Every structure is written in C-alpha cells, then in structure tokens.
Protein chains: 2
Amino acid sequence: MDFRCLNSFAVLANQLHFGRAATLLHLSQPALSKQIRKLEEEIGAALFRRDSSGTTLTAAGAVLARDAGDLLARCQETLSRARRAGRGETGTIGIGFGIATYDLMPRVIARFRALYPGIQVSLRDMPSVEQVDALRARRLDIGFVRLPTPADMTVLPVASERLVLALPAAAADIAGIGDLRAMPLILLDRRRTQSVFDQVMALCAAFHVSPPIQQEVPEFSTALALVASGAGASLVPRSAKRDDLGIIYRDIDHAAAEWSVGAAWRTGECEPAVLNFLRCLETELSACPAGQRSHLRGPRGAAAPAGGAGPTLRYQLFSD
Amino acid sequence: MDFRCLNSFAVLANQLHFGRAATLLHLSQPALSKQIRKLEEEIGAALFRRDSSGTTLTAAGAVLARDAGDLLARCQETLSRARRAGRGETGTIGIGFGIATYDLMPRVIARFRALYPGIQVSLRDMPSVEQVDALRARRLDIGFVRLPTPADMTVLPVASERLVLALPAAAADIAGIGDLRAMPLILLDRRRTQSVFDQVMALCAAFHVSPPIQQEVPEFSTALALVASGAGASLVPRSAKRDDLGIIYRDIDHAAAEWSVGAAWRTGECEPAVLNFLRCLETELSACPAGQRSHLRGPRGAAAPAGGAGPTLRYQLFSD
DNA sequence: CATGGCGATAACCAAAAGTGATCATGTCGG
DNA sequence: CCGACATGATCACTTTTGGTTATCGCCATG
C-alpha cells in the first residue's frame, strides 16, 4: 500500500469530488481515479460509489476513511521523529572526561544542552585510554582526552599548558628534571592517567634520569600537598600551581613538557548529534579568546581535517 | 513515504545485512540499496552506517526502526479492517419490515447474524412506502415490503397469498366483492399500509363498488374481531383467517386479490454486507420448500434480474 | 598477495504513474 | 424537449520509477 494513495483517498473522502480532490492534490483527475482504483483493488472492494448524483463513500470506504487520518498522522509523526533524530535534535550523546576537566567543558555542555534540549547528554568520567576504547566501541561519542590520541580518532585541541616541576622548599638546589636524580616523583594514579605517566617517564628519560615513583595520587592538589610536605617532587600543569604551600616551581625546557587536552571523536563521524556537539564546542572555543586559553601547540600538528570527516566543521578556527 | 520502503527498512534493520535482507524481501541487493537510499533521502539523514566492519543502524535509523514496526502493524490493521468491511463482514445493515412480518424474516436474520456476527443488524418497523423512501435515502438497506415496488428497487418475492373476503355471519348472502354495496369495509390503518389500502380500493373499483370505509384498524386480528361483531366486512390474507369467530370467508376471483411481500433493495446495490444478506435470504428461501410457502405470482413478473445488479445472486431460484 | 564478502554503481529494461484529449452519462435551465 | 454543463471513466502517450544483471572498490583474511 502506498501512503500517497492513502493520502489521496483521505482527501477524496473529505471532498467527495474527484476533480476538486485532484486539484488539491496537485494531480490530474485521471491520475487520482487511477490511485483510488489501485487502492480499491488492493482492498478488494469499492471505496466510493460513483453515482450520477455524486461521489459517496461505501461502507468499506467509510471504515478506511475513519482509520486513514490516524494512520497518516502516525506516519508523519514517525517520519518527523526520524527527521529530528537525523538532524541531531533528539537522541543521546555520550561524553567522556578524564581527571583534567577544564572549565571549558562544562560551559560547552551547558551550551549544548540549551541548544539541543532533546539530546540526553551522558557524561562519564574515565581515563583517556579507556575513553578511546569506549569511542571505538561507540559507548562514547566525544572524549575529552589527553593528547596525543591514536590515529583513528580525530581531535580538536582544547587546551594546552606547560608542565612545571614542583619541588619542596628544601630542594631549591634542583634547577630542572635533569637534577632530580634520587628525588622521588609523585604522580597521578597510573591506572587513571596512563598517558600522563608515560609522558613523564619519557620526559625523565630525555633528561637521562629515572627518579623513583614515590606515590600515585588521585589529583594534582594531593600531589602538591605531598610535595609541600617534602615527600618528593611532582610535575603539574602550570594552572595547578598553588602559591600558599611554599613550593618551588621550575619551568621545563623541553617540548614534551606540554599538557594537552582535546576533544576526540571517531574519524569520519557522521552522527548529526555528535557533529552538532562539535559545532557547539567550536563556537564556544571561538567565543573564548585565545589569550584566555593556554597557548595551543598540539602534539600531532593540532586538529587536522582528518579525511574531510566533519563536513561542516571548520578546523581552521585553531590556526591562530 | 512508501510503505514498501519502510518494510524493507524494517527487515534490513533486523538483518543488518543488505544481501540477506534483499533475499528475504525477494529482491536483488541493488534494489534494496536503492530503496534504503530513497528513504534516507526522504528523511534527510543516513539510516545505516556502511562500514567495512558491517552494516549498523545510525541514531536516526534506530529511532525509525523503533517506530517502523508499530507503524507497519497499524497499517496492516487498517488494511485488513477495510478488507473485512469490503467483504461485508463488519458494518451495519438496516432492515425494515412492515406490519406483515412472515416467519421467514426472523429466520433469515438469525441465520445472517450467525453467519456474520460482525454486522450490526438494525431492524426498523415501518410501512412499505416509508421503507422505500428510507431505502432511497440509504437509511435502510433491505426492506420487507408489500409488492409491487417502484422501479428503482429490485425485489425478491418472499411470500404471496390470496386475499379473502371476511363477512359477518349475518351477511351470508354476499358472495363476493361485487355484492358489498353499502357493507362497510374494515381495513388496516391507511397511514401504515397505504399500498394495501390502494390495492383494496382498486379491487373494489374493479367490481364497480365503493363501500364505505368503516374503520381503520392496526392489525388483521382486530379487523376480524370487528367483522365478527357485525361491524362490516374486511379483506384479509388467507393465512389470517380464524375459524372460531363465525366469520364467513369468500375467495375473490380477481388477479389483483393477491397479498405479496418481498425483500426490496436499491437496484444496483453493491454493498457487500447487503449482498451477503441477500445471499443469506436466498439460501433460506431455497431451504424452505416452495410448497410450504404460498404460491408465488409476483405482480411485476416476480423478481427480474433488474439490470444484472447483484452479481452473484441467482434470481432463477424463483423460476419454479 | 590472492581471495572472498559486501555494498555501491552503471547500464539497461519493464512496469507504473502521470498527462491531455475525449467519451458517456446524467442534470438542469431555457 | 433540447443543448450546455458537470463529472468521472477511458484512451493513447510520455515520463518516472523500480527492478535486474554485471561490475567495481574496499577491506579483512588466509
């Protein structure tokens, strides 16, 4: 059964006049006659009585007319629901975030929620590596992860700042990582932030030192408290610095001493809801003047278009 | 939106495999691809993700898949309801009956109700002339009326019997209508049985008498009671005769002294429910041996096919 | 590196649906 | 009573659609 025919039938059932109904349907009268005839054949009974005195519904026609409106309405409803979902106005979006949540992310999510109230935002706290797995398995759509990311993800760098060396007041003689020697390093929980751990290890190796890992803590503030207590040194992003603990900070003269976070998604993503979110993120980023963010220098040359994936996203935003 | 495409979509959404789904749908894989593509264009978004790793639903596809099954089911329901109505298995049938209800009619209706429990039978008691009007206005579908009927009705004679002259015991000298002279005639209520009244008048005119109308009564039994009391004569069908009142009955030697009843319907009727009823009536009539019914001699040459109206009804049943 | 599975694409063909012209019939006004 | 009009059916024809087979490109796998 064709919905077109059914609609024509409904109009004709209202008009009870082939000519008028055909005009309303932007159709010629023979075409409408044919459609109705087809429907009648499908049902196996006449739907209209074509008398000299006019066109009237038969009993079967009346039954169908009663149902047709409802059916057509449901059809439209189904269609428009699918369309809304297709425009990314309804649905669910899974967003992951790691330990380092910058203020940008909540702002973006608030903006997205306001713009697309029909999308259920599912926020999940998980380490970068897990996020990448979850993205691959479609348990997540967007991940706020530490950079760099594997090649099958496209990434939009969101923030980046230098790592600084935090030293107890008693260790003022240490000028940089190269001087750490036996000074224990207090780092974040390895299971949660494998990539930071690896990065720090690589950094130490670059300076030809391999300090012992003293403790793995859940947050930077805890690490700094331990540093203040003299338990060891730590590497923290510049923004985590606290001036009230008597800690000594040293800049690190090495390109890899960069703490970068980006939004990652499956390369080639085409779920409209996800694209909408990215658009949202993009505008939020451009609304936030670059000067207020840490300078961006993405490890993998910042966000490349990655095979022209997102059709409408302009990655050039970050060329400044 | 095409129902066909939607169904293909539903199957593909289950199978998640174009080739298999196409086989199930008895069409080739490119055809299915085309159908899905058409649907996707209509919705304005991809419904499936065609990865190297397989075919999966997009968010929009999942939304549509959830609704599609329901919509298709409703569509089938609507269709089959219309089909049932088209076969005359559901709906309403209006049946009229006059003062002369023969036992055949209840039997036919009982049979019809048993055979088509989905049809609501609306029985209405009304005089023949009103029945004919109601039939024309479609307020009635079948009328059990006195014959003859107007030309735009087709009729199936159901019963016919001779009228007899009923005389008070004191009027034994009257041999027939021609002798009535001033003897009052007790007839049925004219408003209810105009045609009988007219017939009797015509009969009197044929015998060159015009007896006064003494009383118009609601039923034959009342008329006979009045005859027995000596109030006048009456004309009643032979079956209405009562032997316990001392009434004298005289046969009437005239062709028009016939009391005929038939089922009438609009010539050219094509409502399946009505045709089903007529079929029912037909079988009931043939089940009842002709001998048990009064001999048929319909005033208008019995039931003529009347323009080949009822396609499957065999009017020849009454050719005996 | 050849192979096989899977969906897209191309070329082609048949069926369907649309169109304008015309017909048949019944109504109505003169 | 007759011609004009209205209405839906029918016809001949064109365009569109949907379907088929053959083939391609891609990727995973042995």
Side-chain angles (χ1 to χ4, degrees), chain A residues 1-43 45-58 61 136-137 150-152 266-268 270 306-309, chain B residues 1-43 45-58 61 136 150-152 266-268 270 307-309:
Chain A
M1 164 158 67
D2 193 354
F3 279 114
R4 196 171 171 63
C5 288
L6 198 62
N7 187 49
S8 298
F9 166 79
V11 171
L12 180 58
N14 277 336
Q15 297 293 321
L16 293 178
H17 188 293
F18 277 79
R20 264 204 311 278
T23 307
L24 286 178
L25 291 163
H26 304 293
L27 223 57
S28 68
Q29 174 260 315
L32 177 60
S33 280
K34 228 187 211 173
Q35 283 190 4
I36 299 299
R37 183 170 306 277
K38 188 184 152 213
L39 204 55
E40 286 179 329
E41 266 169 27
E42 189 163 358
I43 286 172
L47 297 171
F48 293 97
R49 210 175 290 114
R50 286 88 154 166
D51 284 337
S52 54
S53 55
T55 303
T56 49
L57 281 164
T58 63
R136 288 208 187 90
D152 58 344
R266 291 173 290 275
T267 294
C270 55
Chain B
M1 164 158 66
D2 192 357
F3 188 61
R4 197 172 171 62
C5 287
L6 196 64
N7 188 49
S8 297
F9 166 81
V11 171
L12 180 57
N14 275 337
Q15 297 293 321
L16 293 177
H17 189 293
F18 278 78
R20 264 203 312 279
T23 308
L24 287 178
L25 291 162
H26 303 294
L27 45 86
S28 67
Q29 173 259 315
L32 177 59
S33 281
K34 233 186 206 173
Q35 284 190 4
I36 299 298
R37 181 167 306 276
K38 187 182 152 216
L39 204 55
E40 286 178 328
E41 267 168 28
E42 187 163 359
I43 285 173
L47 297 171
F48 293 96
R49 209 175 291 116
R50 286 87 153 169
D51 284 338
S52 55
S53 55
T55 302
T56 49
L57 281 165
T58 64
R136 288 207 187 91
D152 58 343
R266 290 173 291 273
T267 294
C270 55

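Bear in mind that the values here come from a model prediction, so they are computed numbers and not experimental data. Below, chain A is the first sequence line, B the second, and so on; all start at residue 1.
A side-chain donor-acceptor contact under 3.5 Å links B/Thr267 to the backbone of B/Asp152. For the pair A/Glu40 (side chain) and A/Leu47 (backbone), a donor-acceptor distance under 3.5 Å is present.
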Quick test: give all pairs of protein nitrogen or oxygen and nucleotides 22-30 of chain D nitrogen or oxygen below 3.5 Å, distance rounded to 0.1 Å.
residue: D/dA28; atom: OP1; partner: B/Ser52; partner atom: OG; Å: 3.3

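In the set D/dT7, C/dG18, D/dG18, the nucleotide with an atom closest to the side chain of A/His17 is D/dT7.
Between B/Leu25 and B/Gln15, every side-chain heavy-atom pair lies at or beyond the 4.5 Å cut-off. The side-chain heavy atoms of B/Gln35 and B/Leu27, taken from C-beta on, include a pair separated by under 4.5 Å. Looking at heavy atoms from C-beta onward, A/Asp2 lies in side-chain contact with A/Lys38 at the 4.5 angstrom threshold. Between B/Phe9 and B/Leu57, the closest side-chain pair of non-hydrogen atoms falls below 4.5 Å.
The separation between B/Gln15 atom CD and C/dC6 atom C1' is 15 Å, rounded to whole Å. The CG atom of B/Asp51 sits 15 Å away from the C1' atom of C/dG5 (whole-angstrom rounding). In this entry the distance linking CG of B/Asp2 with C1' of C/dA17 reads 13 Å, nearest Å. Per the geometry, CG belonging to B/Leu27 stands 14 Å off P belonging to C/dG7, to the nearest Å. At whole-Å resolution of the value, CZ in A/Phe48 and P in D/dA9 are 11 Å apart.
Across all their heavy atoms, A/Ile36 and A/Phe48 have their closest contact at CG2-CD1, 3.8 Å. When all heavy atoms of A/Leu32 and A/Ala21 are compared, the closest pair comes out as CD2-CB, 3.7 Å. Nearest heavy atom pair, residue A/Met1 against residue B/Phe3, reads O-CB, 2.6 Å.
For DNA chain C, the residues of residues 31-43 of chain B within the heavy-atom distance limit of 4.0 Å (strictly under) are B/Ser33, B/Arg37, sorted by number.
Distances shorter than 4.0 Å separate some side-chain N or O of A/Arg50 from OP1 or OP2 on D/dA9.
Within 4.0 Å of A/Arg49, counting heavy atoms only, lies no atom of the nucleic acid at all.
Residue-to-nucleotide proximity on DNA chain C shows that, of B/Arg20 and A/His26, the 5′-proximal contact is made by B/Arg20.
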